[in-house]
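Report on the following structure.
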Amino acid sequence: MRPRDVRAVGVPTAALALGVFAAVRAAGAAVLALAAWWAGRSPVRVLGHSWDSVWYLAIARHGYGRTQMWPVTGLVQSDYAFFPLYPVLVRLSGGGEWGALLIAWTAAAVAAVGVYRVGELVSGRRVALLLVALWAVVPHAVVLTLAYTEPLLVALAAWSLYALLRERWLPAASLALLAGLTRPTGIAVAAAVSVTAAHALLSRRSRAPAVWAAGLLAPAGWLAYVAAVGVRRHDVAGYFTVQRQWGSRFDGGGYVLSALWRVLSGGPVALATGVTAVLLGTALLLAVLLLVNRPPLPLLVYTAVLLVITLGGAGYFESKPRFLLPAFPLLLPLAAVMARARPRSAVVVTAGLAGLSCAYGVYLLVFAKTPP
């Protein structure tokens, strides 16, 4: 797939894409809130104060410096594992659950339009609309309505990739810098900008100063935070030490393969574990299809880095589909297939997936014992 020259600003179609996304995710949030209320839990606490949200809110209110130890498992959990941009925004919004949710929901809406724009530029409006719809109904899309960082990362990533595809180097690099301050996987956005800049310099013999500047600026946010943690902990590799103490490390995929083998060998596994295995297999299949369709270089690099980080990392197996939530280009081949189907068929498939997504979101947040 090659970028298309989009001269007309398809505002109505972009608005429709945002409307579809908002309707699906609002329905998911409503179902989740009702399920939480039925289970005797506060809907606001479930949406805005669950799992990682607890850490983000604590950082927003009190700053960094919290460490939690678990003698039984040997884990030492430091809040330095969490990047600072989202907690800073939450602090500016008041530091409470509602402020955290407002930022996440706003970022999710901005992300949906950004995903649409990337899809429109690469494959046209119909595919772009279906791309947003599919992204809204993936099983872990419930995270897009929580006080989590994935909505913010995707908003920055999508618009950075859009700027990069339009060769607007400095806006792309600036957004990549912010993405690098949002999540560890924000480095995938920086990689897309820096590799594309290097390609322009080496293959196209570009001499534009903006290209050089973009390539150097893009990873600055991620590198700055990693360096800051190293300084605070008096350890050059301090950030990576923090991650290892959380149980996260890069092992080249050994942990994922062993987890998949446990599922495939027929042993007893939780529903979330089985669904994760299916979703990881689906992601690999979609990655092959995306590669066959020859995506633009920025999308290829961005998606590949996300896949390597997710599949090559040890720990938190059931959370890996969430880590792949920013990899929306994986859905482009599926959106292209649906675009060739009858509109009624596409609507029925999307509605069915939306129902499954809502149900699975309730399971993850209300009944499951593992983080989403």
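On a predicted model such as this, the values are computed, not experimentally measured, just so you know.
- In this structure a side-chain-to-backbone donor-acceptor pair under 3.5 Å is missing from R249 to Q243.
- G28 and C358 make their closest contact through CA-SG, 3.5 Å (heavy atoms, listed as atom of the first residue, atom of the second, distance).
- Looking at L353 and V349, their side chains come closer than 4.5 Å, going by heavy atoms from C-beta outward.
- Residues W98 and S93 form no side-chain contact, since every pair of their non-hydrogen atoms from C-beta on lies 4.5 Å or further apart.
- The aromatic ring centroids of F82 and W246 lie less than 6.0 Å from each other.
- Using a 4.5 Å heavy-atom cutoff, the side chains of Y360 and H140 are in contact.
- Side-chain rings of Y64 and Y80 approach one another, their centers coming within less than 6.0 Å.
- Both F367 and V142 belong to a single network of hydrophobic side chains, linked directly or stepwise wherever heavy atoms of I, L, V, M, F, W or Y lie under 4.5 Å apart.
- Judged by distance alone, the side chain of W159 and the main-chain N or O of V110 form a donor-acceptor pair under 3.5 Å.
- Ring geometry, F21 versus W135: the interplanar angle falls under 30°, so the pair is classed parallel (tilted spans 30 to 60°).
- Looking at V308 and F250, their side chains come closer than 4.5 Å, going by heavy atoms from C-beta outward.
- Rounding to the nearest 0.5 Å places CG of L300 at 6.0 Å from CG of L291.
- Side-chain contact check for L131 versus Y116: every heavy-atom pair is 4.5 Å or farther apart.
- Rounded to the nearest 0.5 angstrom, L165 CG and L121 CG are separated by 5.5 Å.
- With D251 contributing its side chain and G253 its backbone, the two residues share a donor-acceptor pair below 3.5 Å.
- Linking Ile, Leu, Val, Met, Phe, Trp and Tyr whenever their side-chain heavy atoms come within less than 4.5 Å puts L284 and V256 in one cluster.
- The CG atom of L156 lies 11.0 Å from the OG atom of S174; values are rounded to the nearest 0.5 Å.
- Ring centroid separation for the pair W51 and Y148 does not come in under the 6.0 Å cut-off.
- Distance alone, capped at 3.5 Å, is enough to place a donor-acceptor pair between the S53 side chain and the A147 backbone.
- Side-chain contact check for W222 versus L181: every heavy-atom pair is 4.5 Å or farther apart.
- Checking side-chain atoms of Y302 against main-chain N and O of A190 turns up no donor-acceptor pair under 3.5 Å.
- Under the 4.5 Å side-chain heavy-atom criterion for ILVMFWY residues, a single connected hydrophobic cluster contains both F328 and L279.
- Contact annotation: the side chain of V229 approaches that of R233 to within less than 4.5 Å [non-hydrogen atoms, C-beta and beyond].
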- Message: side chain to side chain contact (heavy atoms under 4.5 Å, CB included) for V138 and S357? Distances and angles first, verdict last.
- Response: CA-CA 6 Å; V138 294; S357 178; over 6 Å; no

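- Looking only at distances, a side-chain donor or acceptor of R91 sits under 3.5 Å from a matching main-chain atom of A60.
- A salt bridge between R183 and D52 is absent, with no side-chain N of the basic residue lying under 4.0 Å from a carboxylate O of the acidic one.
- In this structure, the side chain of S345 does not engage the main chain of A341 through any donor-acceptor pair within 3.5 Å.
- Between atom CG of residue L201 and atom OG1 of residue T196 there is a gap of 11.0 Å, rounded to the nearest 0.5 Å.
- Put simply, the side chain of S265 gets close to the backbone of R262: a donor and an acceptor are under 3.5 Å apart.
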- For L164 and W169, what are the C-alpha separation, side-chain angles and deciding distance, and is it a side chain to side chain contact (heavy atoms under 4.5 Å, CB included)? CA-CA 6 Å; L164 193 58; W169 295 99; 3.5 Å; yes

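- Of the charged side-chain nitrogens involved, at least one lies within less than 4.0 Å of a carboxylate oxygen, so that E97 and R61 count as a salt-bridged pair.
- Nearest heavy atoms, V118 versus L161: CG2-CB, 4.4 Å.
- Using modelled atom types and a 3.5 Å distance limit, the side chains of E318 and T273 yield a donor-acceptor pair.
- In this structure, S50 contributes its side chain and L47 its backbone to no donor-acceptor pair below 3.5 Å.
- The minimum heavy-atom distance between L324 and L306, with the atom names listed, is CD2-O, 4.1 Å.
- In this structure, P184 and Y239 approach most closely via the heavy-atom pair CG-OH, 3.1 Å.
- The two residues W55 and S78 make their nearest non-hydrogen contact at CZ3-C, 4.1 Å.
- A donor-acceptor pair under 3.5 Å is absent between the side-chain atoms of S248 and the main chain of R244, judged by distance alone.
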- Pair V44-H49, side chain to side chain contact (heavy atoms under 4.5 Å, CB included): steps then yes or no: CA-CA 7 Å; V44 176; H49 205 267; over 6 Å; no

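- Interatomic distance, T241 OG1 to D235 CG, rounded to the nearest 0.5 Å: 4.5 Å.
- Summarising the geometry of R41 relative to L365, their closest heavy-atom pair is NH1-O, 3.1 Å, with the distance given to 0.1 Å.
- L153 CG to L325 CG: the interatomic distance, rounded to the nearest 0.5 Å, is 9.5 Å.
- L223 and W212 fall into different hydrophobic clusters, defined by Ile, Leu, Val, Met, Phe, Trp and Tyr side-chain heavy atoms under 4.5 Å apart, directly or through other members.
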- Query: Would L286 and L290 satisfy side chain to side chain contact (heavy atoms under 4.5 Å, CB included), going step by step from the backbone distance to the final call?
  - Reply: CA-CA 6 Å; L286 292 175; L290 182 67; over 6 Å; no

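- Put simply, the side chain of V122 reaches to within 4.5 Å of the side chain of P296, judged on heavy atoms.
- R66 is linked by a side-chain hydrogen bond (donor to acceptor under 3.5 Å, both in side chains) to Q68, counting only residues two or more places apart in sequence or in another chain.
- Cluster annotation: F323 is not connected to I187 through the hydrophobic network of ILVMFWY side chains, with a link wherever side-chain heavy atoms come within less than 4.5 Å.
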